[in-house]
Number of protein chains: 2
Amino acid sequence: MKLSTKGRYGVKAMFDLAQNYGSGPIPLNTIARRNNISEHYLEQLIAVLRKAGLVKSVRGAQGGYILNKSPETITVGDIIRVLEGPIAPVDCVNEDEPEHCENADFCITRNIWAKVRDSVAQVLDSITLKDMLEESKNLQEQSYMYYI
Amino acid sequence: MKLSTKGRYGVKAMFDLAQNYGSGPIPLNTIARRNNISEHYLEQLIAVLRKAGLVKSVRGAQGGYILNKSPETITVGDIIRVLEGPIAPVDCVNEDEPEHCENADFCITRNIWAKVRDSVAQVLDSITLKDMLEESKNLQEQSYMYYI
DNA sequence: ACGAAAGCCGAGCAAATCAGTAGGAAATAA
DNA sequence: TTATTTCCTACTGATTTGCTCGGCTTTCGT
């Protein structure tokens, strides 16, 4: 039940882009450096995000990446699904095309995995990049108060 | 975010034992056959469950495995934790000993993974083997109604 | 026009994990 | 004593993970 670095790095990178939304394209090496991610590896991940339409790229000098939609319209679930595939603890409850299983109608464990899937999806789909920006702002304020 | 076969097979095997709770020891090859699991592989999994105190074994002919506690005191979460380790989408929100991360206080993504962890744990910890037995009974009754 | 800064692309690779197999030793009921 | 069963250790092929490497193309600034 682990998330791979694909999902983790992807969410970090997208959050970074959200924090810089409106400031023009952000080069990948900047994102990689700020988040301690191998640039070459992140390149592969962001290629997937780009093909899925979550970010767009600007080539050439002074180029970089930009969110393709505003932060409030992108959820963590969107990012995870693109990078890690459909949310499903086991394939027989896959969101897209559940693996066929002849026992599905009588399978008790299957119902459990479906509950897990729904509960994870509910959490991830309810959090937008904008929510994260706001939480970040709150954290900073608290941190400020702490130093007074 | 996939469960491995360890967790899946483990829950199936434990449910099988729950269905036979009170009928003496059930040999492993029976459980393996009924659930389409490689016996040798299941052997390794049940060894872990035994060492964790969830099942007890009776050696020798007519031996087998028995639940070590009654079905209502064993949750799916117990089984999963034993076989798959602590519930945590990423190590920095590990239930037992969270991996140290210097940015933890300011990490926005970390809060998300903690929410996912809690939501998965809540589902798994709320389902006991007895709940599964009852659901199974309901399904059988529905199936009976269907054939009238 | 040129060079530096960027994205784009495909190949390769070491380590870890998964999902088993294989083979036998020890215990026990009949 | 024999069949049945658990117990234990080691090995293994396939897949995934988390990268690295090298080169090509596009574009901005001068």
Side-chain angles (χ1 to χ4, degrees), chain A residues 1-13 16-17 20 23-52 54-68 80 83-85 88-91 99, chain B residues 1-13 17 20 23-68 80 83-85 88-91 99:
Chain A
M1 290 294 286
K2 284 277 187 302
L3 213 60
S4 75
T5 54
K6 289 176 198 171
R8 277 194 288 141
Y9 291 174
V11 173
K12 285 205 173 197
D16 192 308
L17 287 179
N20 293 280
S23 315
I26 312 295
L28 200 63
N29 64 35
T30 305
I31 304 176
R33 194 172 357 95
R34 277 201 287 243
N35 295 279
N36 280 309
I37 306 173
S38 147
E39 184 187 342
H40 263 301
Y41 186 44
L42 186 55
E43 194 180 310
Q44 292 168 38
L45 306 186
I46 208 153
V48 179
L49 294 169
R50 182 175 53 82
K51 282 164 195 162
L54 290 183
V55 301
K56 62 186 168 196
S57 63
V58 178
R59 299 188 68 169
Q62 269 58 258
Y65 292 90
I66 313 178
L67 288 190
N68 201 21
I80 296 292
L83 291 170
E84 307 250 354
V90 314
D91 280 330
E99 195 185 53
Chain B
M1 290 294 286
K2 284 277 185 301
L3 214 59
S4 75
T5 54
K6 289 178 198 169
R8 277 194 286 143
Y9 291 174
V11 172
K12 284 204 172 200
L17 287 178
N20 294 281
S23 315
I26 312 295
L28 200 62
N29 64 36
T30 306
I31 304 176
R33 194 171 358 94
R34 279 202 284 244
N35 294 278
N36 280 307
I37 305 173
S38 147
E39 183 185 344
H40 262 302
Y41 186 44
L42 185 55
E43 193 180 312
Q44 291 168 39
L45 306 185
I46 207 150
V48 179
L49 294 168
R50 181 175 53 81
K51 283 165 193 160
L54 291 183
V55 301
K56 63 185 166 196
S57 63
V58 179
R59 299 187 69 168
Q62 271 52 260
Y65 292 91
I66 313 177
L67 287 190
N68 202 22
I80 295 292
L83 290 170
E84 306 252 355
V90 314
D91 280 331
E99 197 187 51

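Throughout, a chain's letter reflects where its sequence line sits, starting with A, and its residues are numbered from 1. Heavy-atom basis, side chains included; hydrogens, waters and symmetry copies ignored.
- Taking only side-chain atoms of Arg59(A), from C-beta outward, the nucleotide of dG7(C), dC28(D), dT21(C) with the closest atom is dG7(C).
- The side chain of Tyr65(A) contributes an N or O atom lying less than 4.0 Å from OP1 or OP2 of dC8(C).
- Taking only side-chain nitrogens and oxygens, Ser38(B) never comes nearer than 4.0 Å to OP1 or OP2 of dA19(C).
- Side-chain proximity of Tyr9(A) to the nucleotides dC19(D), dC8(D), dC9(C) is greatest for dC19(D).
- Ranking dC8(D), dA4(C), dC19(D) by closeness to the Ala61(A) side chain, first place goes to dA4(C).
- In this structure, Leu17(A) and Tyr65(A) approach most closely via the heavy-atom pair CD2-O, 3.4 Å.
- Separating the CG atom of Leu17(A) from the P atom of dG7(C) is a distance of 10 Å, rounded to the nearest angstrom.
- Taking atom CD on Glu39(B) and atom P on dG23(C), their separation rounds to 15 Å, with Å as the unit.
- The residue Arg8(B) sits apart from the nucleic acid: no heavy atom pair falls under 4.0 Å.
- Using a distance-only test at 3.5 Å, with no hydrogens or angles considered, no donor-acceptor pair links the side chain of Glu84(A) to the main chain of Leu3(A).
- Rounded to whole Å, atom P of dT5(D) lies 14 Å from atom CD1 of Ile66(B).
- If you measure from atom CG of Leu83(B) to atom C1' of dA19(C), you get 14 Å, rounded to the nearest angstrom.
- Listed here is the closest heavy atom pair of Ala13(B) and Leu42(B): CB-CD1, 4.0 Å.
- Backbone-only contact: Leu28(B) has heavy atoms under 4.0 Å from sugar-phosphate atoms and none from a base.
- The base of dT20(D) lies close enough to the side chain of Gln44(A) for a donor and an acceptor atom to sit less than 3.5 Å apart.
- In this structure, Asn29(A) atom CG and dA4(C) atom P are separated by 16 Å, rounded to whole Å.
- In this model, the phosphate group of dT17(D) is approached by a side-chain N or O of Lys6(A) to a distance below 4.0 Å at OP1 or OP2.
- Residues Asn29(B) and Glu39(B) approach most closely at CB-OE1, 3.3 Å, considering heavy atoms.
- The side chain of Arg50(B) contributes no N or O atom lying less than 4.0 Å from OP1 or OP2 of dT6(D).
- Checking the phosphate oxygens (OP1, OP2) of dT16(D), no side-chain nitrogen or oxygen of Ser4(A) falls inside 4.0 Å.
- Place Gln62(A) and Glu43(A) on DNA chain C by their nearest nucleotides, and Gln62(A) ends up nearer the 5' end.
- Listed for the Glu99(A) side chain is no donor-acceptor partner under 3.5 Å among the backbone atoms of Asp91(A).
- Here Thr5(B) does not reach the OP1 or OP2 of dC18(C): none of its side-chain N or O atoms lies under 4.0 Å away.
- Although no hydrogens or angles enter the test, the distance criterion places a donor-acceptor pair under 3.5 Å between the side chain of Lys2(B) and the main chain of Ala88(A).
- Atom pair Glu84(B):CD and dT17(C):P shows a separation of 13 Å (rounding to whole Å applied).
- One interatomic measurement links the two molecules: OH of Tyr41(B) to P of dT9(D), which rounds to 18 Å at whole-angstrom precision.
- Across the protein-nucleic acid pair, His40(A) atom NE2 and dG7(C) atom C1' stand 11 Å apart, rounded to whole Å.
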